[in-house]
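See structure below.
Sequence positions, counted from 1, serve as the residue numbers for this chain. Just so you know, ligand 1 is whichever comes first in the structure, and atom 1 is the first atom listed for that ligand.
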Amino acid sequence: MSDKAVWPAGVARHVLQTVDSTNAYALRMAPETPGPAWFLGLEQSAGRGRRARPWASPRGNFYGTLLLHPTEPPEVIALRSFAASLALRDAFVSLTGLPGAFSLKWPNDVLLNGGKVAGILLESSARAGGFDLAIGIGVNLIGAPDVSAVEPGAVLPVSLLGETGLRVTPEAFLDALAPAYVAWEAAFVNHGFAALRAEWLTHAARLGEVIRARTGTQTREGTFETIDPAGNLILRMSSGPVAIPAAEVFF
Ligand SMILES: O=C(O)CCCC[C@@H]1SC[C@@H]2NC(=O)N[C@@H]21
């Protein structure tokens, strides 16, 4: 662990040589995991991304899931994806010293020099009195999927190594990420989403620019005005502002 990062007290750390999906594994382990816990997989055989896409998971990149047991309503729990984005950015900046290189793409990708370097997948299941929440994070540390694997028009994947020349191990990345997440979780619990929203907007990619948001079969083009207090994307269209709760965004 770097001398800057201290592993957070009360958070368990499990490292798995190989696993199907750290999200799936964390949710399976939830009944016997009472407190917060990180599950780091050094490779995944069935890594999954948003919108049921596979997440290629060879050795060398980061595949980690933070298991929490939140009790708020689901729409509040979901806002933790912004805490995870901000924590990821902090971890990247502490490891690289390059604050200007990282930006955040709504809803929850991290971009490095404009390419996708990390993605987040939240999954949950109900339990007595609350939820088991898996905050799954994939980071292209040493390699990125081939361009041919990416949907036309999507942000191109990049790796930390390819863009910066820095080689960071998954374990070292977790050691930077875990304390960073604890700080944003505390901000969320103590000050609400407003604290996260303000910081997220500071680092938002393409804020004030024309972007496209695809929801199902509909694609809307408008100016990315802000995100609202519920985390919705606000697009200004000729008809006025539209709040979009979930979409795939294209630049
Ligand atoms: O589609 C995305 O951008 C989100 C990708 C999330 C991938 C991570 S890797 C660790 C965790 N386990 C999974 O199966 N998926 C997430």
Side-chain angles (χ1 to χ4, degrees), residues 13-30 33 36-68 78 80-89 91-92 102-112 114-125 132-147 149-160 168-171 173-174 176-178 180-181 200 205 213-215 231 233 246-251:
R13 186 183 194 274
H14 304 280
V15 179
L16 309 151
Q17 286 300 313
T18 183
V19 65
D20 51 352
S21 149
T22 54
N23 271 21
Y25 186 87
L27 290 171
R28 286 199 299 274
M29 291 299 120
T33 310
W38 275 100
F39 296 89
L40 174 68
L42 299 183
E43 66 182 339
Q44 298 185 122
S45 57
R48 51 205 197 203
R50 293 176 65 230
R51 300 180 181 272
R53 294 192 186 111
W55 186 263
S57 306
R59 250 167 211 274
N61 287 337
F62 176 89
Y63 316 108
T65 295
L66 174 61
L67 177 67
L68 298 175
R80 283 185 171 79
S81 68
F82 292 91
S85 303
L86 289 163
L88 267 169
R89 188 179 172 283
F92 279 123
F102 297 92
S103 59
L104 304 176
K105 175 175 179 271
W106 188 90
N108 46 30
D109 289 338
V110 181
L111 307 185
L112 166 55
K116 177 167 172 170
V117 70
I120 299 168
L121 174 66
L122 260 59
E123 296 182 283
S124 63
S125 54
D132 296 322
L133 173 67
I135 303 176
I137 293 174
V139 180
N140 300 328
L141 290 175
I142 64 163
D146 193 73
V147 189
V150 177
E151 199 180 337
V155 167
L156 293 181
V158 296
S159 74
L160 186 66
V168 175
T169 65
E171 291 91 340
F173 193 82
L174 179 59
L177 180 61
Y181 185 85
W200 192 93
R214 190 177 69 199
T215 48
L233 172 72
E248 196 79 353
V249 164
F250 297 87
F251 295 151

Chi angles and distances behind the salt bridge (Lys or Arg N to Asp or Glu O under 4.0 Å) call for Glu151, Arg214:
CA-CA 13 Å; Glu151 199 180 337; Arg214 190 177 69 199; 2.7 Å; yes
When every non-hydrogen atom of Arg48 is compared with those of Ser21, the smallest separation belongs to NE-OG, 3.9 Å
When every non-hydrogen atom of Val117 is compared with those of Ser159, the smallest separation belongs to CG2-C, 4.3 Å
N/O donor to acceptor pairs below 3.5 angstrom from side-chain atoms of residues 103-112, sequence neighbours left out:
residue: Lys105; atom: NZ; partner: Val249; partner atom: O; Å: 3.0
residue: Trp106; atom: NE1; partner: Gly231; partner atom: O; Å: 2.9
residue: Asp109; atom: OD1; partner: Lys116; partner atom: NZ; Å: 3.2

Report the residues that fulfil salt bridge (Lys or Arg N to Asp or Glu O under 4.0 Å) with Arg28, sequence neighbours left out, ordered by chain and then residue number.
Asp20
N/O pairs closer than 3.5 Å, ligand 1 and protein:
residue: ligand 1; atom: 1 (O); partner: Arg50; partner atom: N; Å: 2.7
residue: ligand 1; atom: 3 (O); partner: Lys116; partner atom: NZ; Å: 2.6
residue: ligand 1; atom: 12 (N); partner: Thr22; partner atom: OG1; Å: 3.1
residue: ligand 1; atom: 12 (N); partner: Gln44; partner atom: OE1; Å: 2.9
residue: ligand 1; atom: 14 (O); partner: Ser21; partner atom: OG; Å: 2.8
residue: ligand 1; atom: 14 (O); partner: Arg48; partner atom: N; Å: 2.8
residue: ligand 1; atom: 15 (N); partner: Arg48; partner atom: O; Å: 2.7

Only distances under 3.5 Å count here; give the side-chain donor-acceptor pairs of residues 37-44 to other protein atoms, sequence neighbours excluded, each with its distance to 0.1 Å.
residue: Gln44; atom: OE1; partner: Thr22; partner atom: N; Å: 2.8
residue: Gln44; atom: OE1; partner: Thr22; partner atom: OG1; Å: 3.3
residue: Gln44; atom: NE2; partner: Ser57; partner atom: OG; Å: 2.9

